[in-house]
Every structure is written in C-alpha cells, then in structure tokens.
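Below is one structure, written out as structure tokens, with a few remarks after it.
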Amino acid sequence: MYWKLFKRYYVIKSKKSGKLIPTKQGIEICEYLFNNYGNLVSVERTRELEKKMDLIEEKPDLYYEVLKELKNEIKEVLE
C-alpha cells in the first residue's frame, strides 16, 4: 500500500528517522482532496468506514447495504 505513495512521489522516507515526509506534490494532492472531497476523505469519515467494516465482519449480509450507501454518497458529491 505505501509503495504507491513512493511511486507517485507523494512522500519520501527520511534517511535519519525513517519517517515518511510528504513532498510538495503530496501536500498539494492532500489539500485538493480535503478542499473538494473533505467529507469523503476526513479522519472522521475513515473512522466511520472502519466501524462499518467491523459491522460487516459481524454481519456479512450488510455489505450490500453499506456499498449502496457509499455509492449514493459519492454520487451526491460528483453531481
């Protein structure tokens, strides 16, 4: 998963600490996503999706309902 961030030059790895450091391009992409699709890419939205995935693990038959909800949400943003 992280290799895509490197491949697209969104981040580099610090030689000293080993931490990931965002590049200018990475920062610009992040700002664009937050400014235009903030409700879909926010930290809170990620938490919500993780809760829904946990729920699907407990009740697999809910996956269709969750996917339908996500599709409608994305559709609203793109209109």
Side-chain angles (χ1 to χ4, degrees):
M1 181 165 110
Y2 293 115
W3 64 270
K4 283 188 180 184
L5 298 175
F6 291 107
K7 184 178 177 184
R8 296 178 181 166
Y9 303 105
Y10 296 157
V11 297
I12 57 173
K13 190 172 185 177
S14 168
K15 292 179 182 178
K16 203 173 196 181
S17 67
K19 294 181 181 180
L20 299 182
I21 302 168
T23 63
K24 181 181 178 197
Q25 180 176 339
I27 292 169
E28 289 172 354
I29 294 291
C30 201
E31 287 174 354
Y32 174 82
L33 290 173
F34 281 118
N35 290 333
N36 294 286
Y37 306 102
N39 57 331
L40 294 176
V41 297
S42 69
V43 172
E44 182 56 37
R45 184 64 181 141
T46 301
R47 281 190 200 111
E48 291 171 13
L49 290 173
E50 287 175 346
K51 288 178 186 176
K52 288 181 181 187
M53 287 188 287
D54 291 341
L55 186 60
I56 291 171
E57 282 184 6
E58 295 172 18
K59 300 177 182 179
D61 56 323
L62 292 177
Y63 84 94
Y64 183 75
E65 183 180 323
V66 171
L67 288 177
K68 188 176 175 181
E69 180 184 318
L70 288 171
K71 177 185 172 189
N72 290 335
E73 193 175 326
I74 291 168
K75 193 175 179 180
E76 284 179 27
V77 170
L78 297 178
E79 291 179 342

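Remember, predicted model here, so these are calculated numbers, not experimental data.
Placement of Tyr32 and Phe34 within a single hydrophobic cluster is found when ILVMFWY residues are connected by side-chain heavy-atom separations under 4.5 Å, directly or transitively. Placement of Val41 and Tyr10 within a single hydrophobic cluster is found when ILVMFWY residues are connected by side-chain heavy-atom separations under 4.5 Å, directly or transitively. Note on Leu20: it clusters hydrophobically with Leu33, by side-chain heavy-atom contacts below 4.5 Å among ILVMFWY residues. Leu40 and Met53 are assigned to two separate hydrophobic clusters, defined by single-linkage of ILVMFWY side chains at heavy-atom distances under 4.5 Å.
Atoms CD and CD, from Glu44 and Glu48 in turn, are 5.0 Å apart once rounded to the nearest 0.5 Å. The NZ atom of Lys52 lies 6.0 Å from the CG atom of Leu70; values are rounded to the nearest 0.5 Å. Between atom CG of residue Leu55 and atom CG of residue Leu49 there is a gap of 12.5 Å, rounded to the nearest 0.5 Å. Between atom CG of residue Asn36 and atom CD of residue Glu31 there is a gap of 11.0 Å, rounded to the nearest 0.5 Å. Residue Trp3 holds its CH2 atom at 7.5 Å from CZ of Arg8, rounded to the nearest 0.5 Å.
The heavy-atom pair separating Pro22 from Val11 by the smallest distance is CA-CG1, 4.0 Å.
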Exercise for review: Show your working on side chain to side chain contact (heavy atoms under 4.5 Å, CB included) between Tyr37 and Leu78 and close with a plain yes or no.
Suggested key: CA-CA 9 Å; Tyr37 306 102; Leu78 297 178; 4.3 Å; yes
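At a threshold of 4.0 Å, the pair Arg45-Glu73 counts as salt-bridged, since one of the basic side-chain nitrogens sits closer than that to a carboxylate oxygen.
A heavy-atom distance below 4.5 Å is not found between the side chains of Phe6 and Ile12.
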